[in-house]
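Quick notes on the structure that follows.
Proteins get letters first, then strands, A, B, ... in listed order; numbering begins at 1 in each.
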Amino acid sequence: MRFSNLFAPTLKDDPTDAEVVSHKLLVRAGMIRQVARGIYDYLPLGLRALRNVERIIREEMDRAGAQEILMPAICPAELWQESGRWDRYGKDLLRLKDRHERDFCFGPTHEEVVTDIVRREIRSYRDLPKNLYQVQTKFRDEIRPRFGLLRGREFLMKDAYSFHVDRADCEREYRRMYEAYERVFSRCGLRFRAVEADTGAIGGSLSHEFQVLAESGEDSIAACNACSYAANVELAALGPAPVDALTEEASAELRRVSTPNRRTVEDVSSYLDIPADRFIKTLIFVREDGSPIAALVRGDQMLSEAKLRVALGVPWVGLADADVVRRVTGASVGFAGPVGLDAPILADQTLEGIRGAASGANQDDEHLVGVEHGRDFGDGVTFADLREARAGDRCARCGEGTYEIYRGIEVGQVFYLGTKYSTALGATFLDASGQSQVMEMGCYGIGVSRTLAAAIEQSHDENGIIWPKPLSPYPIEIVPVSMNDAAVVSAAEKLAADLQERGIETLVDDRDERPGVKFKDADLIGIPLRVTVGKKGLDRGIVEVKHRKDGTVEEVAVGDAAARLAERAL
RNA sequence: CGGGGUGUAGCUCAGACUGGUAGAGCACUGCGUUCGGGACGCAGGGGCCGCAGGUUCAAAUCCUGUCACCCCGACCA
């Protein structure tokens with residue numbers, strides 16, 4: 001490809017609306033342009049890189065035995081009503097009406113549609129298992145799209161769904177997909193970690209996320225420094241042992257103290273001069289049916305909603321609004337406490353046996369001090385692992401190591417779904433004995449466009465993108481230093497032709513620009529190998545090969561260049 | 001949805017407080033000089049100052065509304 005002909009409008013300045021580096025660089029390098037909030041054009045270079053991610057995914061999915069299909073982007077409401085998600089999915093679901101006023105949605109995920117295909121066509125255990133995948137544009141009307149391709153509303157996703165005769169077979173496929181994902185992300189040149197994950201709105205009971213390690217990531221993951229266990233912090237298992245000896249605090253008299261308008265742990269802590277870890281933080285939640293529940297964690301800890309859901313065995317909980325809080329506690333938000341509270345209470349296990357603690361008094365502008373588990377509250381309290389893991393917390397899996405916390409960008413997730421959708425939609429088969437059985441399902445997603453952005457988050461410098469070789473729009477860029485020097489131009493063109501003969505497509509910067517301009521753009525665009533063809537080199541019979549990654553330059557004899565480059569480009 | 005911010009040339013931004021001929025740098029066009037890390041000179045082109053109302057002799061500037069985009073929060077593969 002000749003640069004003079006390429007549609008790659010590069011920019012010198014960072015666009016003001018971009019915050020993270022992948023967004024800035026993708027725009028500056030002329031690879032994407034925003035069309036609307038969270039919706040982007042892919043220009044030629046960006047699209048080529050995106051296609052590379054797709055290609056790797058397809059190769060590994062096919063290798064793992066999955067089959068590609070393509071489902072509609074626009075899906076009829078009926079299927080979503082059948083699974084119950086039409087009402088439950090919320091505003092992320094973009095709903096549309098056709099000219100006949102029939103309801104449709106732009107598919108944010110395709111469990112319903114794929115399950116519908118399978119229930120209509122598969123009747124026998126002999127037809128199972130099946131793993132069907134697609135690479136498709138999805139739309140989720142996110143509350144707050146941001147970070148360019150990392151959290152768009154429209155995005156490219158690979159989603160796969162597998163169907164099985166029993167759980168064991170489904171778990172076998174789960175492992176196969178897990179391994180396929182490891183290959184995909186390794187081939188993309190990413191540093192990543194597979195972590196145990198929450199199953200969220202999709203449902204199911206076993207799940208791993210594939211997290212690309214990057215400071216700009218929106219997820220926090222906890223990884224044990226002694227064993228192989230890693231999990232999203234909202235789920236990372238913590239042991240029952242208290243992190244410090246709260247129970248050794250002397251028993252104290254229960255007293256009521258005035259705390260006018262001090263609602264947060266921080267406020268009350270500084271007002272009463274009691275450290276935050278001596279507080280029992282009481283959060284009121286409601287379940288799907290509206291029934292309230294109180295969740296207790298220490299004042300210096302963060303409650304994990306995911307862990308609370310798991311402990312309750314429910315798919316959803318939400319923080320109660322002010323009215324519910326008043327009804328349950330008799331006070332406004334900020335003064336809830338476990339003593340005398342008339343609601344089921346779940347408490348983090350580190351609170352078991354706590355003494356001399358402070359908590360809300362269930363009365364406006366008052367707190368209690370000297371609170372003691374067992375003496376002042378405890379009846380009907382269930383202890384569970386409810387808090388978010390922090391750096392230094394002991395790993396509950398091995399009991400040896402402690403957690404280190406990393407930021408991650410979730411680029412893929414695998415789920416064991418069980419029979420949630422197959423039951424709702426009636427995807428059944430006849431087993432060997434002629435009995436009707438419900439299919440076991442798994443689902444497996446990769447954010448294709450997000451993976452592209454994640455690669456840049458992880459691989460760039462102050463001058464621009466540094467593409468991992470397998471993702472680069474072109475393997476090699478050739479830069480003739482001057483277009484006015486016939487020898488330079490013809491050497492560059494001959495090299496491009498020789499490489500083309502070897503099946504390697506190059507980007508040749510044939511623009512009549514000053515060398516500095518071409519070098520800057522080459523760095524920005526980030527192609528891994530840059531061949532500089534200049535008079536100085538040609539006089540000595542060499543061209544220069546510069547590695548984008550580390551800036552090293554090697555001189556290669558003109559005659560050997562094509563062969564040498566062909567080796568390196570592959 | 002709540003809080004904050006910004007909309008002026010393709011990009012980055014001045015101008016607004018104090019109303020009076022719409023600006024700079026980069027980019028773009030032409031000519032010339034230059035040519036190994038974002039050159040220089042000369043001459044040009046390019047604007048419904050987000051949109052709609054209002055105030056005024058006069059509005060980019062003041063007022064009201066509205067739309068878009070960005071940030072923080074709640075939410076989320």
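- Within the 4.5 Å cutoff, the side chain of A:Q211 has no heavy atoms near those of the A:V411 side chain.
- Using a cut-off of 4.0 Å between Lys/Arg side-chain N and Asp/Glu carboxylate O, A:R2 and A:E493 are scored as salt-bridged.
- When both pairing distances are held under 3.5 Å, B:G19 makes no Watson-Crick or G-U pair with any nucleotide shown.
- Look at B:G44: its Watson-Crick or wobble partner, with both distances under 3.5 angstrom, is B:C28.
- Remark: P of B:C76 and CZ of A:F147 are 17 Å apart, rounded to the nearest angstrom.
- Between the base of B:G37 and the side chain of A:R530 there is a donor-acceptor pair shorter than 3.5 Å.
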Enumerate all atom pairs, one protein N or O and one N or O from nucleotides 29-31 of chain B, separated by less than 3.5 Å.
none

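- Within residues 16-29 of chain A, the residues having any heavy atom closer than 4.0 Å to RNA chain B are, in order of number, A:T16, A:D17, A:E19, A:R28.
- Distance alone, capped at 3.5 Å, places no donor-acceptor pair between the A:D523 side chain and the A:G526 backbone.
- Within a 6.0 Å radius of CD in A:E266, no more than 12 heavy atoms belonging to other residues, nucleotides or ligands are found.
- Rounded to whole Å, the distance from CZ on A:R37 to P on B:C67 is 14 Å.
- Rounding to whole angstrom units, CD of residue A:E142 and P of B:C72 are separated by 14 Å.
- Residues satisfying the salt bridge (Lys or Arg N to Asp or Glu O under 4.0 Å) test with A:E305, not counting sequence neighbours, are none.
- Note on A:D159: nothing from the nucleic acid sits closer than 4.0 angstrom, heavy atoms only.
- Ion pair A:R327/A:D323 not flagged as a salt bridge, since none of the NZ, NE, NH1 or NH2 atoms sits closer than 4.0 Å to an Asp/Glu carboxylate oxygen.
- Looking at residues two or more places apart in sequence or on another chain, you find no salt bridge (Lys or Arg N to Asp or Glu O under 4.0 Å) involving A:E209.
- Per the geometry, CG belonging to A:L319 stands 9 Å off C1' belonging to B:A74, to the nearest Å.
- For residues 510-523 of chain A, proximity to RNA chain B is found at A:R514, A:P515, A:G516, A:V517, A:F519, A:K520, A:D521, A:D523, defined as any non-hydrogen atom under 4.0 angstrom from a strand atom.
- The side chain to side chain contact (heavy atoms under 4.5 Å, CB included) check on A:L529 picks up A:I476, A:V545, A:H547, A:L565, A:R568, with sequence neighbours excluded.
- For A:D485 and B:C35, the CG to P distance is 12 Å, given to the nearest whole Å.
- Taking 3.5 Å as the limit, the base of B:G36 and the side chain of A:K546 contain no donor-acceptor pair of atoms between them.
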